[in-house]
Amino acid sequence: MEKKILFSGLTSTGRLTLGNYIGSLNKLLNLQAEKNNEIVIFVANLHALTIPLKREQLIRNVKENLKLYLAIGIDPKITKIYLQSQIKEVNELFYILSTLTTMGQLQRMTQYKDKAKKEANSTFKIPTGILLYPILMAADIILFNPDFVIVGDDQKQHLEFTRDLILRLNNNYDTDIKLVKPKIASIEEGSRIMALKNPTQKMSKSDHNKDNTIFLLDDIKEARRKILGALTDSEDKIYYNLSKKPGISNLLVIYSAIKNIPLSFAEKEFKNLNDYRKFKEIVADTVCDLLTKIQKNYHNLDDDKLQKNLDYNLKYLKNRANKNLDQIKNKIGLLF
Ligand code: TYM
């Protein structure tokens, strides 16, 4: 049976969070262990330009993200890794796809609308890159023609947009791009980890309140303090109920995802505890154990090793991207 191609990526706008880990990295690790798929992942440094970053900061983020891929257990001999700016074909495909997209479609995307709201409706101030972001993301995906994309819940709309573009490309130009499927875990499995102090809002790299977010490279004591300070309720009963108990539900999801056990097992484990302080300490231990392990691996990686890992599959991936792009260009009439 032909191997399925699985694809995933993350943007190098900042430090990676526990949300990134549970929503996508941990899922990639499980898929890598199955060994029956071809997995391609990347760090999106072109996407990162939508937020102003100094040269040194961008490079630091990229290196940190790449090292973290390795430190969590991604094996470049099994999972192919690249850096977005290394494969230039994506830019040409990006332009081609932009001709199949309308302004209205882009302006209706949640990420753009949120940004527009924050900028007090002054679209003049929003970088065009934010509007075009979904097209570049579609280009990332279509360039490798994967079967599945592994992401968290917040990327659902971008995947729908990509599927729409694939249909349009296939219809207009008779291309043969696979209609990629999102592989998004359920909320119970961690596809949407929430902010610790505000558990009705997503945990995010860019949250101004750092107590909302666990970063994978957080000082261990800091991480423990953040978990112990997570907002809960006053019932002192531990069970999953998103609307009634968003804080406790979030901690239960975090615990079960790291332990790799179903949520119902975690609920059973804590059914008779009736002590939030103890519960938080157990969750904090679990998170801190994970962070300690990741950080130990992280600090053992130097830049030389990183470069070697980055070069490992680059030629193969460049060839693949080039071949796929040429096939599309041929169908369109840009090559003959
Ligand atoms: P990014 O960098 O925002 O996030 C990386 C991955 O982490 C997931 N994630 C979460 N999952 C659960 N709970 C959370 N609180 C949480 N926060 C983030 C995201 O869903 C994502 O899977 N646009 C993408 C990067 C990208 C990409 C692609 C991904 C660019 N092109 C092509 C896949 C395919 C992004 O900004 O992810």
Side-chain angles (χ1 to χ4, degrees), residues 5-29 31 39-51 61-62 64-66 68-69 72 74 81-85 87 90 93-94 97 109-112 114-115 129-130 132-163 165-166 180-196 198-207 212-216 246 249-250 253-254 257-258 321:
I5 302 173
L6 313 184
F7 189 76
S8 192
L10 49 88
T11 306
S12 52
T13 35
R15 320 196 84 183
L16 292 188
T17 70
L18 190 63
N20 298 136
Y21 179 83
I22 294 177
S24 89
L25 300 173
N26 192 22
K27 313 296 181 239
L28 278 171
L29 281 180
L31 291 161
I39 310 179
V40 179
I41 60 176
F42 77 112
V43 172
N45 56 347
L46 293 172
H47 280 285
L49 299 183
T50 51
I51 288 179
N61 287 353
V62 164
E64 189 174 299
N65 292 168
L66 286 166
L68 274 170
Y69 264 149
I72 63 154
I74 294 291
I81 309 178
Y82 72 96
L83 181 60
Q84 190 179 29
S85 59
I87 301 192
V90 77
L93 186 54
F94 167 68
L97 295 179
M109 300 297 284
T110 310
Q111 196 184 359
Y112 176 78
D114 285 352
K115 198 84 187 174
I130 303 253
L132 303 179
Y133 189 106
I135 308 180
L136 184 57
M137 181 155 165
D140 294 326
I141 297 169
I142 295 173
L143 196 60
F144 287 95
N145 200 7
D147 297 276
F148 295 99
V149 173
I150 293 97
V151 279
D153 181 73
D154 61 345
Q155 300 295 317
K156 214 180 242 170
Q157 198 183 32
H158 288 150
L159 262 293
E160 276 160 23
F161 176 86
T162 303
R163 282 165 57 88
L165 266 179
I166 293 173
V180 67
K181 292 197 187 83
K183 220 179 189 17
I184 302 175
S186 63
I187 302 286
E188 288 86 342
E189 288 166 333
S191 69
R192 194 170 182 80
I193 298 300
M194 307 309 268
L196 295 172
N198 185 1
T200 50
Q201 163 198 310
K202 193 189 75 163
M203 182 183 284
S204 150
K205 286 176 206 168
S206 54
D207 200 316
N212 271 333
T213 308
I214 303 271
F215 295 95
L216 297 182
S249 301
N250 194 33
V253 170
I254 290 175
I258 298 178

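Atoms within a ligand are numbered from 1 in the order they appear, just like the ligands themselves. A quick note: this is a predicted structure, and the numbers were derived from the prediction, not measured.
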Please say whether Ser8 places an N or O atom under 3.5 Å from an N or O atom belonging to ligand 1. no

Distance-only side-chain donor-acceptor flag, Ser24 / Asn26, under 3.5 Å: no

the protein heavy atom lying closest to atom 10 (C) of ligand 1 turns out to be Gly19 O, 3.4 Å

May I ask you to list the atoms of ligand 1 that are less than 4.0 angstrom from any heavy atom of His47? 30 (C), 31 (N)

So, Ser8 side chain and Ile150 main chain: donor-acceptor pair closer than 3.5 Å or not? yes

Should Ser204 be listed as contacting ligand 1, given a heavy-atom distance under 4.0 Å as the test? no

Heavy atom of the protein closest to atom 22 (O) of ligand 1 (residue, atom name, distance): Gly152 N, 3.0 Å

Test of proximity, His158 against ligand 1: N or O pairs below 3.5 Å: no

Taking non-hydrogen atoms only, is Phe42 closer than 4.0 angstrom to ligand 1 via side chain, backbone, both or neither? side chain

Give the residue, atom name and distance (to 0.1 Å) of the protein heavy atom nearest atom 20 (O) of ligand 1. Asp154 OD1, 2.4 Å

Identity and distance of the protein heavy atom lying nearest atom 29 (C) of ligand 1: Gly9 O, 3.4 Å

Ligand 1 to Asn20, heavy atom cutoff 4.0 Å, flagged ligand atoms 4 (O), 5 (C), 6 (C), 7 (O), 8 (C), 9 (N), 17 (N), 18 (C)

Mark up the atoms of ligand 1 that fall under 4.0 Å of a heavy atom belonging to Gly190, in ascending order. 12 (C)

Report yes if Thr17 has an N/O atom closer than 3.5 Å to an N/O atom of ligand 1; otherwise report no. no

What protein heavy atom lies closest to atom 6 (C) of ligand 1? Include the residue and the distance to one decimal. Ser24 OG, 3.6 Å

Nearest-neighbour protein heavy atom for atom 3 (O) of ligand 1, which is reported as residue plus atom name and distance: Lys205 NZ, 4.0 Å

For ligand 1, which atoms sit closer than 4.0 Å to a heavy atom of Tyr133? 23 (N), 24 (C), 35 (C), 36 (O)

Looking only at protein heavy atoms, which one is nearest to atom 31 (N) of ligand 1, and what is the separation? Asp140 OD2, 2.8 Å

Nearest protein heavy atom to atom 32 (C) of ligand 1, by residue and atom, and its distance? Ile141 CG1, 3.6 Å

Under 3.5 Å, side chain of Tyr21 to main-chain N/O of Leu16, donor-acceptor pair present? no

Does ligand 1 have a heavy atom under 4.0 Å from the side chain of Ile193, from its backbone, from both, or from neither? both

Taking N or O atoms only and a 3.5 Å limit, does Met203 qualify as a polar contact for ligand 1? yes

Taking the ring of Tyr82 and the ring of Phe144, is the distance between their centroids below 6.0 Å? yes

For ligand 1, is there an N or O atom under 3.5 Å from any N or O atom of Val151? no

Regarding ligand 1, does Asp153 bring an N or O atom to under 3.5 Å of one of the ligand's N or O atoms? no

Exercise: do Thr13 and Thr11 side chains pair donor with acceptor under 3.5 Å: no

Which ligand 1 atoms does Val149 reach within 4.0 Å, using its non-hydrogen atoms? 33 (C), 34 (C)

If you count the atoms of ligand 1 from 1 in the order shown, which ones are under 4.0 Å from a heavy atom of Phe7? 32 (C), 34 (C)

Taking heavy atoms and a distance under 4.0 Å, where does Met194 meet ligand 1: side chain, backbone, both or neither? neither

Those atoms of ligand 1 less than 4.0 Å from some heavy atom in Ser191: 11 (N), 12 (C), 13 (N)

